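Residue numbers count from 1 along this sequence. Just so it is clear, the model here is predicted, and its values are computed rather than measured.
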Amino acid sequence: MQNPHSDTSMVGYFKVIEPFQLRDFDVIDEYKVNSERSTVRILWDRDSLEYVYQVEEPSISRVELNALYNIVKDMEWIVPNSMKISNSLTKFQFPDIVKSYIHNRKGIYEAGSSEKLQYFINRDYAGYGLINVPVNDPQVEDISCDGFGSKVFVYHRKYQDMRTNIVYNDPTYLDSFIIKLSQFCGKEISINNPVLDGITDEGHRVQAIYGNEISPHGSVFTMRLFRKKPFTPTDILMNKTADSNIITYMWYLVENNSSCLISGAPAVGKTSTLNALLMLAPPNSKIFSIEETREINIPNENWIPATTRERENYSSRDRKGYMKVDMFELVRMAMRQRPTYIVVGEVRGREAYALFQSMSTGHTTYSTIHADSMEALINRLEAEPLNIPRVMMTYLSTVIFNKFVKIHGDLVRRITEVNEMVGYDPETGDVLYNSVFSYDPEKDEHHYNGNSSILEKIRVSTGMSKEEFEHNFQERKKLIENMARNEVSDYGTISKIIQAYYFNPEEGLRMSEGDAS
């Protein structure tokens, strides 16, 4: 470990984030992260005319830096292989050991220092080091580093892409951090195997390149953060991603086992829409979800979340012979378990054919796909490697499109189309569809065309008159609007209200008005 006197911003593994000088910045927003110990400031740079993400951590003195150096030396004797977190010690247990160690020696530190020392040791050993604050900021979706000496960038839910005051100036330190990320993902990265694509225990997706052989700027990484609190139907309404008519329509879809595909470009909120849709499912519905990287988060007790397993992750001596389990195999497995819903995080290979086959046999399926229009979607589905014949596409009930749109200069997510598959014309080879909902970007409003074949089929199958069905639709719409007006965004409470409505509509409506006890 490096001597602390050689660098005032570093004690071996420890580096301090330097704040921006506020002379040329206006503070736009400010909030706490990491149990109130760190501050995030959103600044407006008057010089470059852009938002900036500033991290401010506890200040640390020269004496405290020396104390950090000594503590780490002692801890490395006490905790075997602490830099790598040994098999017998998880990173979730590590903070308790650090707290106990520092507490027992509290008398030898400056007043108030023990909390700071604990903060920095936990940050760099059990946490994510310099990026620990944005990793734990619920407003941040992505973090990217383009190499040593470059500012780290984040994607913020409200302010979009922003540079930060975080920078990896030392290429050796950055290389070490990439190795640590690979260990958090349960994988290995090296000069011989310099590419990492993995997922951490918390569900964060990590892609990284190690060293400078294929990356001229040295090691680089991108983290896509897993949202512990999933988007709910009321979140979508409060954010104006969709209006209450669309959410009510989605409720009928999931309740009546109509398959749906959610389409759009990367990061437009497809999985968030999928999560919200599944929260409207009837109580105790069996859900089997299939993903390569865990993103779906459903508050449903009868939920089987399955993820793929690549053979390369199981090549150690004691695991030779372990089979590769891909999405195609998991779709086949799901069909044998008689779930109410089969959910595939994203279709992009041969699992798509299995998914459409399951639709044709009566299974209800939901998934996401990358395509930004019906024409692009149809072309993508029938091309390699998905190979879905156009006649099979009609087994799909609905396609929902999510897009980024610019409203008053801000980039926001919106559901821009909801299309129903109507049929297939054998003479022209065209897939026929009806646009049920559209979006007007000028007014930032959604419009219902008043003609839904799916809602009409549901009305007929339930034996309701048109007047009764319209009353039922408006009742459900009111329940959704009530929850949004009362800012009910906790998925546990929403699930409770939805379930209450299924058993007693009047009780569900009463709870949505603010009495969810």
Side-chain angles (χ1 to χ4, degrees), residues 230-262 269 272-283 285 298 341 364 366 397-402 413-420 434-440 444-462 464-489 491 493-513 516:
F231 266 98
T232 65
T234 51
D235 285 324
I236 286 180
L237 180 55
M238 289 188 289
N239 292 336
K240 299 186 72 175
T241 302
D243 68 3
S244 55
N245 283 316
I246 293 177
I247 297 171
T248 306
Y249 175 88
M250 289 165 56
W251 189 349
Y252 280 104
L253 281 185
V254 71
E255 181 188 7
N256 291 276
N257 302 105
S258 295
S259 295
C260 177
L261 202 57
I262 300 169
S272 297
T273 301
L274 181 58
N275 269 318
L277 184 147
L278 291 168
M279 285 184 193
L280 299 167
S285 301
I298 310 165
Y341 309 106
T364 305
Y366 298 105
S397 297
T398 304
V399 181
I400 297 173
F401 283 93
N402 285 59
R413 294 177 173 97
R414 295 288 185 265
I415 289 176
T416 56
E417 293 177 59
V418 178
N419 298 327
E420 292 179 350
N434 171 41
S435 182
V436 182
F437 292 95
S438 58
Y439 173 74
D440 182 352
D444 192 21
E445 291 178 352
H446 295 90
H447 297 291
Y448 173 45
N449 75 359
N451 180 24
S452 167
S453 59
I454 289 177
L455 291 183
E456 179 61 16
K457 286 178 184 177
I458 293 170
R459 181 191 73 78
V460 172
S461 66
T462 54
M464 284 190 272
S465 66
K466 291 186 177 181
E467 292 75 17
E468 288 172 331
F469 187 82
E470 178 64 20
H471 173 77
N472 187 262
F473 188 97
Q474 294 302 325
E475 190 175 65
R476 294 182 183 214
K477 179 180 171 182
K478 181 181 178 182
L479 182 141
I480 296 291
E481 292 173 345
N482 285 345
M483 290 193 294
R485 185 173 59 254
N486 293 314
E487 298 184 350
V488 178
S489 61
Y491 62 77
T493 305
I494 291 173
S495 180
K496 187 177 177 181
I497 293 171
I498 295 292
Q499 291 191 27
Y501 181 85
Y502 275 116
F503 293 110
N504 186 335
E506 290 183 2
E507 176 67 9
L509 278 168
R510 182 188 63 79
M511 292 171 66
S512 74
E513 291 171 350

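Listed by chain and residue number, Glu141 satisfy the side-chain hydrogen bond (donor to acceptor under 3.5 Å, both in side chains) test with Arg413 (two or more places apart in sequence, or in another chain). Scored by the side-chain hydrogen bond (donor to acceptor under 3.5 Å, both in side chains) test, Thr232 finds Thr234, Asp235 as partners (sequence neighbours excluded). Residues satisfying the side-chain hydrogen bond (donor to acceptor under 3.5 Å, both in side chains) criterion with Tyr448, sequence neighbours excluded, are absent altogether. Scored by the salt bridge (Lys or Arg N to Asp or Glu O under 4.0 Å) test, Glu475 finds no partners at all (sequence neighbours excluded). Contacts of Thr364 classified as side chain to side chain contact (heavy atoms under 4.5 Å, CB included), with partners at least two apart in sequence or in another chain: Asn257, Ser259, Tyr341, Tyr366.
Among all heavy-atom pairs drawn from Leu237 and Ala484, the shortest one is CD2-CB, 3.5 Å. Of all the heavy atoms in Gly269 and Asn402, the pair that sits closest is O-ND2, 3.5 Å. When all heavy atoms are compared, the tightest approach of Ile236 to Ala276 is CD1-CB, 3.3 Å. A pairwise comparison of heavy atoms in Ala242 and Ile247 identifies CB-CG1, 4.4 Å as the closest pair.
Summarising the geometry, atom CG belonging to Leu274 is positioned 4.5 Å from atom CD1 belonging to Ile262; distances are rounded to the nearest 0.5 Å. Separation of atoms CG (Leu277) and CG (Leu253) is listed at 6.5 Å; rounding is to 0.5 Å. For the atom pair Glu417 CD and Ile400 CD1, the distance stands at 11.5 Å (nearest 0.5 Å). Atom-to-atom distance recorded for Leu280:CG and Tyr252:OH is 12.0 Å, nearest 0.5 angstrom. Taking OG from Ser495 and CG from Leu278, the interatomic distance works out to 12.0 Å, rounded to the nearest 0.5 Å. Expressed to the nearest 0.5 Å, how far CE of Met279 lies from CD1 of Ile494 amounts to 6.5 Å.
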Glu513/Arg510 under salt bridge (charged side-chain N to carboxylate O under 4.0 Å, His left out): CA gap, chis, key distance, verdict | CA-CA 5 Å; Glu513 291 171 350; Arg510 182 188 63 79; over 6 Å; no
Verify side chain to side chain contact (heavy atoms under 4.5 Å, CB included) between Arg485 and Asn482, making sure each step is shown before the conclusion.
-> CA-CA 5 Å; Arg485 185 173 59 254; Asn482 285 345; 2.5 Å; yes
What do the steps show when you test Thr398 against Asn419 for side chain to side chain contact (heavy atoms under 4.5 Å, CB included), and what is the final call?
-> CA-CA 6 Å; Thr398 304; Asn419 298 327; over 6 Å; no
Could you please spell out the steps behind the side chain to side chain contact (heavy atoms under 4.5 Å, CB included) verdict for Asn239 and Phe231?
-> CA-CA 10 Å; Asn239 292 336; Phe231 266 98; 3.1 Å; yes
May I have the step-by-step check of side chain to side chain contact (heavy atoms under 4.5 Å, CB included) for Phe473 and Thr248, ending in yes or no?
-> CA-CA 7 Å; Phe473 188 97; Thr248 306; 3.8 Å; yes
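In this structure, the side chain of His446 engages the main chain of Ile415 through a donor-acceptor pair within 3.5 Å. Under a 3.5 Å cut-off, the side chain of Asn486 and the backbone N or O of Val488 do not form any donor-acceptor pair. For Asn434 (side chain) and Val436 (main-chain N/O), no donor-acceptor pair under 3.5 Å exists by modelled atom type.
Atom NZ of Lys478 sits in a sparse spot, with 12 or fewer heavy atoms from other residues, nucleotides or ligands closer than 6.0 Å. Atom NE2 of His447 is surrounded by more than 12 heavy atoms from other residues, nucleotides or ligands within 6.0 Å.
Sequence neighbours left out, the pairs with a member in residues 239-261 that pass salt bridge (Lys or Arg N to Asp or Glu O under 4.0 Å) are Lys240-Asp444, Glu255-Arg476.
Side-chain contact between Met250 and Thr273 is present, with at least one heavy-atom pair separated by less than 4.5 Å. Using a 4.5 Å heavy-atom cutoff, the side chains of Pro283 and Phe503 are in contact. Side-chain contact between Leu479 and Ile498 is present, with at least one heavy-atom pair separated by less than 4.5 Å.
Just one residue in the list Lys457, Arg459, Glu420 forms a side chain to side chain donor-acceptor pair (under 3.5 Å) with Ser452, and that residue is Glu420.
Between Phe401 and Tyr439, the distance from one ring center to the other does not fall under 6.0 angstrom.
No side-chain donor from either of Tyr501 and Ser512 sits under 3.5 Å from a side-chain acceptor of the other.
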